[in-house]
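Below you'll find the structure, written out as structure tokens, and then a few comments.
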Number of protein chains: 2
Amino acid sequence: MEATTAVGHEPRTCDAALARAFGFLGKRWNGVLLGTLVRGSAGFAELKRAVKGISDSVLSERLSELAAAGLVRRTVEEGPPVAVTYHVTEAGQALMPALEALTTWAEHNLPT
Amino acid sequence: MEATTAVGHEPRTCDAALARAFGFLGKRWNGVLLGTLVRGSAGFAELKRAVKGISDSVLSERLSELAAAGLVRRTVEEGPPVAVTYHVTEAGQALMPALEALTTWAEHNLPT
DNA sequence: TGGGGTGCTTCGGAAATGCTAGTGACATCT
DNA sequence: AGATGTCACTAGCATTTCCGAAGCACCCCA
């Protein structure tokens, strides 16, 4: 194990930032969830219907994670009928171009 | 409410293509794997070292899936020392811009 | 002849996910 | 009024998926 004095060829590691990105997007529903939320805020039930396939428990958990990471914000409207709304923050919005690129790619390269 | 005769607004579903994209990228290692492979072909062991954290079994499985989806190709060099090489196809290459966008986003919006 | 490298597959066990229900406040239908 | 439904979740299993270690076959180098 040399402590490469100079140069050194890194063993072809993948970009650290990309790895971090997939730390999030690599979890089962986060991608679609964010992708849905980016096109407009929604409540819990609405989200569940939109993402269809996701379960209550996971949705709840993912929303917490996303909120903790500062990508999504949870707003409670006290009415009499309390309404909760989830919407993306700027950090979430910033993901848009990437999501679009991904969509385009899928359209062209992924079988239906 | 509604059931008005025609129209109907879809309940805000996420883009189908994006969902398909995350059918792949939403699985634990596929993203980083593709991201690594995009910067150059590699053999099994090399890949394992590069993606570090992934296990043999999962790597093997992921590579099969990726190959089945036509994003990666598996080439066997018959020598006596059989050497296997994995490299992305054009469909895989086409993912690059999306991956770059993702990387940029992570750099700016994801904590280290 | 032993150590090291490559390319996988096969086992458990552990962790992540999914399904079914249930709660409590309100709203609406009959 | 009472039944039913919606909204936002939480709770408890069952199933799926993932990981880590081990093993197998082959080759190269000393």
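Quick note on labels: first sequence line is chain A, next is B, and so on, each numbered from 1. These numbers come from a predicted model, not from an experiment. Both backbone and side-chain heavy atoms feed into the values below; hydrogens, waters and symmetry mates do not.
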For [N], take OP1 and OP2 only and decide whether either is under 4.0 Å from a side-chain N or O of [X].
X     : N      : answer
B:R62 : D:dC18 : yes
B:R49 : C:dG7  : no
B:S60 : C:dT9  : yes
A:W29 : C:dG18 : yes
B:R28 : D:dC19 : yes
B:Y86 : C:dT6  : no

Between [N] ([atom2]) and [X] ([atom1]): distance, integer Å:
X     : N      : atom1 : atom2 : value
B:F44 : D:dC26 : CZ    : C1'   : 16 Å
B:R74 : C:dG7  : CZ    : P     : 9 Å
A:I54 : C:dA16 : CD1   : P     : 16 Å
B:L47 : C:dG5  : CG    : C1'   : 16 Å

Residue whose closest nucleotide on DNA chain D lies nearer the 5' end, B:V82 versus B:K27: B:K27
Closest to side chain of [X], choosing from [options]:
X     : options               : value
A:S57 : C:dC19, D:dC7, C:dG7  : C:dC19
A:V84 : C:dG18, D:dA8, D:dG20 : D:dA8
B:V58 : C:dG18, D:dC19, C:dG7 : D:dC19
B:D56 : C:dT17, C:dG7, D:dA22 : D:dA22

Short side-chain to backbone donor-acceptor contact, A:R20 and B:L110, under 3.5 Å: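 A pair under 3.5 Å: yes.
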NZ/NE/NH1/NH2 to OD/OE distance under 4.0 Å, B:E46 and B:R49: no
Flag side-chain contact, heavy atom, 4.5 Å: A:D15 against B:E107: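 Touching, per the 4.5 Å side-chain cut-off.
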Heavy-atom side-chain proximity of A:W29 to A:V51 below 4.5 angstrom: yes
Side chain to side chain contact (heavy atoms under 4.5 Å, CB included) evaluation trace for A:L66 with A:F24: CA-CA 9 Å; A:L66 256 17; A:F24 257 107; 3.8 Å; yes
